[in-house]
Novice: 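Could you have a look at this structure, given as structure tokens, before my questions?
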Amino acid sequence: MSQSEYVPPRVWKWEPDDNGGRFASINRPEAGPTHEKELPVGKHPHQLYSLATPNGVKASILFEELLEKGYSDAEYDAWLVRIGEGDQFGSGFVEINPNSKIPAMADHSVDPPRRVFESGAILLYLAEKFGEFIPEDAGGRTETLNWLFWQMGSAPFLGGGFGHFYNYAPVKIKYAIDRYTMEVKRQLDVLDRELADKEYIAGNDYTIADMAIWPWYGCLALDRVYEAAEFLQTYEYENVMRWARAIDERPAVKRGRMVNSVFGKPENQLRERHNASDFEHRTWDKIGKEE
């Protein structure tokens with residue numbers, strides 16, 4: 001049956017064998033754990049459980065930015081969650097994030113340890129805890145939160161909408177691709193207009209709003225998300241391109257993108273991070289042989 005002939009039934013029924021697409025094997029219409037698995041806990045104050053997707057790298061970028069500023073108590077252990085293999089449905093992960101999405105973290109500097117889930121919540125939690133990357137004045141703080149929550153509401157159109165139908169869906173549906181392409185280009189235009197007269201999205205200071213938006217829209221512009229830069233003609237958004245390249249050059253951003261990464265060139269993958277020295281002593285050769 002073609003897409004144009006599909007008529008929704010009166011009551012939807014899940015048909016696992018007919019659920020195509022890249023993530024079909026892990027998608028299901030219910031929450032909760034699928035298996036028992038405890039989460040590892042390292043020696044540092046913060047335990048991060050993630051994967052270097054656009055959502056996942058937000059937290060590791062902020063951790064690295066805090067460490068770059070000299071906050072030694074922002075040290076963290078990063079543990080790899082392989083979402084393609086269903087790690088996010090383990091009982092330990094579901095306990096700290098009942099929504100089974102990365103990233104999630106536990107703050108062990110408090111007793112009992114405090115869970116924090118959803119990328120925006122993690123960014124805001126850490127920014128407030130350390131008093132960095134969020135303005136103290138009411139106006140600057142509000143503008144930063146405006147854009148932080150803009151990203152939370154807008155990125156699903158980019159990821160679950162455009163990215164899914166352009167890159168992951170088992171069939172190419174013109175209506176769906178056109179619909180979400182139009183919206184993503186509108187969002188890029190929103191950012192481009194805002195960045196026309198200021199260095200960063202919330203003003204002239206780099207904030208958690210940039211850390212939230214850049215892994216999605218900055219990396220989209222730099223052709224690191226969905227390989228769609230040519231299709232979207234992202235070079236046309238000159239202010240976005242300038243902003244994206246500037247953030248890309250930040251040392252902490254470079255390190256943050258490597259944490260829990262299993263993508264791209266081996267030299268850009270760190271896998272799990274438990275000490276700052278892990279960046280200099282990566283275990284790719286060992287992991288590569290094991291896998």
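In this text the structure is predicted, and so the values were computed from the model without any measurement.
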Novice: In terms of relative ring orientation, are Tyr226 and Trp216 parallel, tilted or perpendicular, with 30° and 60° separating the classes?
Specialist: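 Aromatic pair Tyr226/Trp216 classed tilted.
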Novice: Any non-hydrogen side-chain atom of Tyr235 less than 4.5 Å from a side-chain atom of Gln233?
Specialist: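 SC-SC contact between Tyr235 and Gln233 confirmed.
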Novice: Side chains of Lys185 and Leu232: closer than 4.5 Å at any heavy-atom pair?
Specialist: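 Yes, at least one pair of side-chain atoms sits under 4.5 Å.
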Novice: Do you know the tightest heavy-atom contact between Pro98 and Ala31?
Specialist: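 Minimum heavy-atom contact is O-CB, 4.3 Å.
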Novice: Does Tyr217 have any side chain to side chain donor-acceptor pair (under 3.5 Å) partners at least two apart in sequence or in another chain, and if so, which?
Specialist: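 Counting only residues at least two positions away or on another chain, Tyr217 forms a side chain to side chain donor-acceptor pair (under 3.5 Å) with Gln187.
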Novice: CG of Asp137 to CD of Glu143: how many Å apart, nearest 0.5 Å?
Specialist: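 Asp137 CG to Glu143 CD: 10.5 Å, rounded to 0.5 Å.
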Novice: Step by step, work out the side-chain contact (heavy atoms from CB on, under 4.5 Å) result for Leu145 and Leu124.
Specialist: CA-CA 9 Å; Leu145 294 181; Leu124 183 56; 3.8 Å; yes
Novice: If you draw a 6.0 Å radius around NZ in Lys172, do more than 12 non-hydrogen atoms from other residues or ligands fall strictly inside?
Specialist: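 Enclosed.
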Novice: When you look at Asp107 and Arg115, which way does the salt bridge (Lys or Arg N to Asp or Glu O under 4.0 Å) test go after all the steps?
Specialist: CA-CA 6 Å; Asp107 185 351; Arg115 73 179 187 181; over 6 Å; no
Novice: Quick one: does any side-chain atom of Trp214 pair with a main-chain N or O of Ala244 as donor and acceptor, under 3.5 Å?
Specialist: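 It does hold such a pair.
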Novice: Rounded to the nearest 0.5 Å, what's the gap from CD on Glu272 to CG on Leu48? Could you check?
Specialist: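 So the gap between those two atoms works out to 10.5 Å.
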Novice: Going by side chain to side chain donor-acceptor pair (under 3.5 Å), Asp77 matches just one of Arg273, Lys43, His274. Which one?
Specialist: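 In the set Arg273, Lys43, His274, the residue that makes a side chain to side chain donor-acceptor pair (under 3.5 Å) with Asp77 is His274.
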Novice: Testing the 3.5 Å rule here: is there a donor-acceptor pair between the side chains of Asp210 and Trp243?
Specialist: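 Their side chains do contain a donor-acceptor pair, which is all the 3.5 Å distance test asks for.
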Novice: Using 0.5 Å steps for rounding, measure from the CD1 atom of Ile61 to the CD1 atom of Ile247.
Specialist: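 Result: 8.5 Å between the selected atoms.
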Novice: Using the rule given for side-chain contact (heavy atoms from CB on, under 4.5 Å), can you reason through Thr234 versus Asp223, listing the C-alpha separation, both sets of side-chain angles and the distance that settles it, and then say yes or no?
Specialist: CA-CA 8 Å; Thr234 58; Asp223 207 19; over 6 Å; no
Novice: Does Arg186 have any side chain to side chain donor-acceptor pair (under 3.5 Å) partners at least two apart in sequence or in another chain, and if so, which?
Specialist: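 For Arg186, the residues satisfying side chain to side chain donor-acceptor pair (under 3.5 Å) (neighbours in sequence not counted) are Glu183.
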Novice: Suppose we call two aromatic rings close when their centres sit under 6.0 Å apart. Are Tyr71 and Phe130 close by that rule?
Specialist: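 So the answer is yes for these two rings.
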Novice: Could you go through Leu220 and Val184, starting from their C-alpha distance and side-chain angles, then the distance that decides it, and tell me whether this counts as side-chain contact (heavy atoms from CB on, under 4.5 Å)?
Specialist: CA-CA 10 Å; Leu220 180 72; Val184 169; 3.9 Å; yes
Novice: Is the number of heavy atoms from other residues, nucleotides or ligands under 6.0 Å of Glu238 CD greater than 12?
Specialist: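 No, not enclosed.
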Novice: So Arg224 and Asp248, salt bridge (Lys or Arg N to Asp or Glu O under 4.0 Å) or not? Walk me through it.
Specialist: CA-CA 12 Å; Arg224 294 177 186 158; Asp248 191 45; 2.8 Å; yes
Novice: Minimum heavy-atom separation for Glu36 and Ser91, please, with both atom names.
Specialist: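 Of all heavy-atom pairs spanning Glu36 and Ser91, the closest is OE1-OG, 3.2 Å.
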Novice: Of all the heavy-atom pairs spanning Pro113 and His108, show the shortest one and how long it is.
Specialist: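 That closest heavy-atom pairing would be CG-ND1, 3.4 Å.
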Novice: Within a strict 4.5 Å, meaning less than it, do heavy atoms of the His44 and Asn275 side chains meet?
Specialist: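 Sidechains of Asn275 and His44: in contact.
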Novice: State whether the side chain of Asn204 and the backbone N or O of Lys198 hold a donor-acceptor pair below 3.5 Å, judged by distance alone.
Specialist: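 Absent.
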Novice: Do you know which two heavy atoms are closest between Ser50 and Pro103, and how far apart they sit?
Specialist: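 The pair with the smallest heavy-atom distance is OG-CB, 3.5 Å.
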Novice: Hey, any chance Val171 and Phe165 share a hydrophobic cluster, counting ILVMFWY side chains that come within less than 4.5 Å of each other, even indirectly?
Specialist: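 The answer is yes; both residues are in one hydrophobic cluster.
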Novice: Given the side-chain rings of His46 and Phe63, with only the six-membered ring counted for Trp, is the space between their centroids under 6.0 Å?
Specialist: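 Centroid distance His46-Phe63: below 6.0 Å, so yes.
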Novice: Does a donor on one side chain and an acceptor on the other come within less than 3.5 Å for Ser119 and Lys101?
Specialist: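 There is no such pair (donor and acceptor under 3.5 Å, judged by atom type) between the side chains of Ser119 and Lys101.
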Novice: May I have the step-by-step check of side-chain contact (heavy atoms from CB on, under 4.5 Å) for Arg242 and Leu195, ending in yes or no?
Specialist: CA-CA 9 Å; Arg242 183 267 307 162; Leu195 289 164; 3.9 Å; yes
Novice: Under 4.5 Å between any side-chain heavy atoms of Asn99 and Glu118, yes or no?
Specialist: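 The answer is yes, as the side chains (C-beta and beyond) meet within the 4.5 Å cut-off.
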Novice: Can you check whether Arg82 reaches Gln88 side chain to side chain, under 4.5 Å on heavy atoms?
Specialist: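 Side-chain contact under 4.5 Å: no.
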Novice: List the steps and the verdict of salt bridge (Lys or Arg N to Asp or Glu O under 4.0 Å) for Glu95 and Lys37.
Specialist: CA-CA 10 Å; Glu95 186 175 345; Lys37 184 178 181 181; over 6 Å; no
Novice: For Thr207 and Asp205, does a side-chain donor sit closer than 3.5 Å to a side-chain acceptor?
Specialist: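 Note: Thr207 and Asp205 side chains miss the donor-acceptor criterion.
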Novice: What distance do Asp178 atom CG and Ile173 atom CD1 have between them, rounded to the nearest 0.5 Å?
Specialist: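 One gets 11.5 Å once the value is rounded to the nearest 0.5 Å.
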Novice: What I'd like to find out is whether the side chain of Tyr180 reaches to under 4.5 Å of the side chain of Leu158, using heavy atoms alone.
Specialist: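 In short, these two side chains do not touch, never coming nearer than 4.5 Å.
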Novice: Any donor and acceptor pair, going by atom type alone, linking the side chain of Glu194 with main-chain N or O of Leu191 inside 3.5 Å?
Specialist: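 Absent.
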Novice: Running the 4.5 Å side-chain criterion over Ile, Leu, Val, Met, Phe, Trp and Tyr, what cluster does Leu51 land in, apart from itself?
Specialist: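 Besides Leu51, the cluster holds Leu39, Val41, Tyr49, Trp79, Leu80, Val81, Ile83, Phe93, Ile96, Ile102, Val262, Phe263.
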Novice: Distance alone, cut at 3.5 Å: any donor-acceptor contact between the side chains of Glu227 and Tyr166?
Specialist: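 Note: Glu227 and Tyr166 side chains miss the donor-acceptor criterion.
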Novice: Give every donor-acceptor pair under 3.5 Å between a side-chain atom in residues 150-157 and any protein atom, sequence neighbours left out.
Specialist:
| residue | atom | partner | partner atom | Å |
| --- | --- | --- | --- | --- |
| Trp150 | NE1 | Ser154 | OG | 3.3 |
| Gln151 | OE1 | Lys58 | NZ | 2.8 |
| Ser154 | OG | Trp150 | O | 2.9 |

Novice: Got Ser60 and Met211 here, is their nearest side-chain heavy-atom distance under 4.5 Å?
Specialist: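 Ser60 vs Met211: side chains apart.
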Novice: Once you round to the nearest 0.5 Å, how far does CE of Met182 lie from CD1 of Ile177?
Specialist: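 Atom-to-atom, Met182:CE and Ile177:CD1 are 13.5 Å apart.
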Novice: As an exercise, state the distance from CD of Glu68 to CD of Glu65, rounded to the nearest 0.5 Å.
Specialist: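 Separation between the atoms: 6.5 Å.
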Novice: Tell me whether Ile122 shares a hydrophobic cluster with Val94, the cluster being built from Ile, Leu, Val, Met, Phe, Trp, Tyr side chains joined at under 4.5 Å.
Specialist: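 Hydrophobic grouping puts Ile122 apart from Val94.
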Novice: With a 3.5 Å cut-off and no angle check, do the side chains of Gln269 and Ser261 form a donor-acceptor pair?
Specialist: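 Result is no, nothing qualifies.
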Novice: Would you say the side chain of Asp73 lies within less than 4.5 Å of the side chain of Ser109, judging by non-hydrogen atoms?
Specialist: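 With C-beta onward as the side chain, the pair stays apart.
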Novice: Report the residues that fulfil side chain to side chain donor-acceptor pair (under 3.5 Å) with Arg114, sequence neighbours left out, ordered by chain and then residue number.
Specialist: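 Tyr125.
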Novice: Honestly, is Lys69 close enough over Phe133, meaning NZ or CZ under 6.0 Å from the six-membered ring centre and within 45° of the axis?
Specialist: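 Flagged: Lys69 positioned over aromatic ring of Phe133.
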Novice: Under 3.5 Å, side chain of Asn260 to main-chain N/O of Ala52, donor-acceptor pair present?
Specialist: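 Side chain of Asn260 to backbone of Ala52: no pair is present.
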Novice: Give the C-alpha distance, both sets of side-chain angles, the deciding distance and a yes or no for salt bridge (Lys or Arg N to Asp or Glu O under 4.0 Å) between Arg141 and Glu128.
Specialist: CA-CA 11 Å; Arg141 175 185 170 83; Glu128 291 185 333; 2.7 Å; yes
Novice: Other than Val11, what residues sit in its cluster of Ile, Leu, Val, Met, Phe, Trp and Tyr side chains whose heavy atoms are under 4.5 Å apart, directly or through others?
Specialist: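 Cluster partners of Val11: none, it stands alone.
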Novice: Can you see which heavy atom on Val57 is nearest to which on Pro215, and at what distance?
Specialist: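 Smallest interatomic distance, heavy atoms only, reads CG2-CB, 3.5 Å.
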Novice: Do Met105 and Phe117 land in one hydrophobic cluster if side-chain heavy atoms of ILVMFWY residues count as linked below 4.5 Å?
Specialist: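 Cluster IDs for Met105 and Phe117 differ.
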